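Remarks on the structure that follows.
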Amino acid sequence: MKASTHATNCTAETVTILSVSPVPADHVALERLFVGFAPGDGTPSRWQVSATATLSLALSALRHFPYPAVLCERDLPDGDWRDLLEHTKRLSNPPLVIVTSRHADDYLWTEALNLGAHNVLAKPYDPSETGRVVSLACQR
C-alpha cells in the first residue's frame with residue numbers, strides 16, 4: 001500500500017493515536033509514554049492516545065477520525081487484531097496497525113507482517129521502541 005493512502009494527520013501539531021485493548025493499564029502506559037515524547041525528527045512533539053476496549057468501539061472511532069496509527073491488542077473481547085486489520089483495509093484513509101501482545105513470539109511477528117500489519121510491539125512497552133515504531137508509522 002502506498003504511503004499516501006494512510007491517514008495524514010501526522011502533520012498536525014498534535015498527533016492522536018488509537019489504542020485498542022481491554023486492559024486499562026495498556027492505555028495508561030501509552031499515555032505516560034507519550035507525555036513529552038519528541039523524537040526530534042520533524043514529527044510533532046505532542047501526542048495523544050484515544051482509548052477503546054473493543055473491536056466494535058475501535059471501528060466506530062475509525063469511522064469518525066483518521067488516526068495515523070492504531071495499536072491493537074492481540075485478542076479483544078469481540079474479535080482480534082486480524083479483524084481490525086481487515087476492517088481498516090476498507091477505509092478510504094487506513095491507519096497503520098501495530099499489534100501488541102505480552103506474548104509477541106516469532107509466530108505472531110511473522111503472521112502480523114505477512115497479513116499487512118505495520119509492526120508488533122511486546123508488552124510491557126519499551127518506551128524507546130514504542131516511540132520509534134509509532135513515530136515511523138506516523139511518518140509513513
Side-chain angles (χ1 to χ4, degrees):
M1 194 174 297
K2 291 188 225 170
S4 61
T5 63
H6 291 283
T8 59
N9 65 347
C10 288
T11 58
E13 186 175 314
T14 300
V15 173
T16 304
I17 59 170
L18 181 61
S19 172
V20 186
S21 175
V23 182
D26 289 349
H27 309 301
V28 171
L30 286 172
E31 288 169 357
R32 287 183 180 151
L33 188 145
F34 284 108
V35 169
F37 175 71
D41 58 6
T43 56
S45 59
R46 292 192 339 201
W47 296 75
Q48 293 180 333
V49 177
S50 181
T52 63
T54 65
L55 175 64
S56 59
L57 289 172
L59 297 178
S60 177
L62 287 165
R63 285 190 292 271
H64 294 94
F65 189 82
Y67 298 95
V70 178
L71 281 78
C72 183
E73 171 59 36
R74 177 183 193 157
D75 298 306
L76 302 169
D78 56 347
D80 64 20
W81 68 270
R82 291 178 214 84
D83 300 320
L84 180 88
L85 183 64
E86 281 306 309
H87 280 88
T88 61
K89 290 177 181 178
R90 297 183 203 133
L91 296 172
S92 62
N93 210 7
L96 292 175
V97 175
I98 300 165
V99 181
T100 65
S101 178
R102 289 202 180 279
H103 307 288
D105 57 14
D106 288 341
Y107 179 82
L108 178 61
W109 278 85
T110 301
E111 181 182 26
L113 297 178
N114 283 334
L115 291 178
H118 175 68
N119 213 324
V120 176
L121 286 172
K123 295 188 304 184
Y125 297 116
D126 173 83
S128 63
E129 178 69 4
T130 302
R132 183 188 68 76
V133 167
V134 174
S135 182
L136 287 173
C138 186
Q139 291 174 28
R140 294 190 65 194

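No experiment lies behind these values; they were computed from the predicted model shown.
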Exercise for review: Compare every heavy atom of S135 with every heavy atom of W47, then report the nearest pair and how far apart it is.
Suggested key: CH2-CA, 4.0 Å
Practice item. Would you give the length of the straight line joining atom OG1 of T130 to atom NZ of K123, rounded to the nearest 0.5 angstrom? Key: 11.0 Å
Check your understanding: NE2/H118 to CG/L71 distance, rounded to the nearest 0.5 angstrom?
Key -> 10.0 Å
**Study point:** Rounded distance (nearest 0.5 Å) linking atom CG of L76 with atom OG1 of T52
**Key:** 8.0 Å
Review point. Are any of the side-chain heavy atoms of L62 and H87 separated by less than 4.5 Å?
Key: no
Exercise for review: For A104 and W109, work out which heavy atoms get closest and say how close.
Suggested key: O-NE1, 3.4 Å
Point to revise | Heavy-atom check, side chain of L115 versus side chain of R82, under 4.5 Å | key: yes
Check your understanding: Are F65 and V20 connected in a single hydrophobic cluster, I mean Ile/Leu/Val/Met/Phe/Trp/Tyr linked by side-chain heavy atoms less than 4.5 Å apart?
Key -> yes
Exercise for review: Decide yes or no for L96 and L136: does some side-chain heavy atom of the first lie under 4.5 Å from some side-chain heavy atom of the second?
Suggested key: no
Review point. Side chain of D80, backbone of D83: donor and acceptor closer than 3.5 Å?
Key: yes
Check your understanding: What distance separates E129 CD from N119 CG, expressed to the nearest 0.5 Å?
Key -> 7.0 Å
Check your understanding: So which heavy atom on G79 is nearest to which on L55, and how close?
Key -> CA-CD2, 4.2 Å
**Study point:** Partner set under side-chain hydrogen bond (donor to acceptor under 3.5 Å, both in side chains) for T54, not counting sequence neighbours
**Key:** S56
Exercise for review: Spell out, yes or no, whether L113 and W81 are grouped together once hydrophobic residues are joined by side-chain heavy atoms under 4.5 Å, including indirect joins.
Suggested key: yes
Revision key, fill the gap. Note: A58 and L84 closest approach over all heavy atoms is CB-CD1, 4.0 Å
Exercise for review: Enter the distance from L121:CG to L30:CG here, rounded to the nearest 0.5 Å.
Suggested key: 8.5 Å
Point to revise | Sole candidate of I17, T16, V15 that passes side chain to side chain contact (heavy atoms under 4.5 Å, CB included) when paired with Q48 | key: T16
Review point. Between the main-chain N or O of L85 and the side-chain N or O of T88, is there a donor-acceptor pair closer than 3.5 Å?
Key: yes
Study note, to complete from the structure: Sequence neighbours excluded, the answer for side-chain hydrogen bond (donor to acceptor under 3.5 Å, both in side chains) partners of S19 is H27
Exercise for review: Mind checking the CG-CD spacing from D105 to E111? Nearest 0.5 Å is all I need.
Suggested key: 9.5 Å
Exercise for review: Could you tell me whether the side chain of Y67 reaches within less than 4.5 Å of the side chain of S50, counting heavy atoms only?
Suggested key: yes
Exercise for review: Identify the two heavy atoms, one from V70 and one from P95, that lie closest to each other, and give their separation to 0.1 Å.
Suggested key: CG2-CG, 3.6 Å
Check your understanding: Is L57 linked to V49 within one hydrophobic cluster, defined over Ile, Leu, Val, Met, Phe, Trp and Tyr using a side-chain heavy-atom separation of less than 4.5 Å?
Key -> no
**Study point:** L108 side chain near S101 side chain, heavy-atom distance below 4.5 Å
**Key:** yes
Review point. Do Y125 and V134 touch side chain to side chain, with heavy atoms closer than 4.5 Å?
Key: no
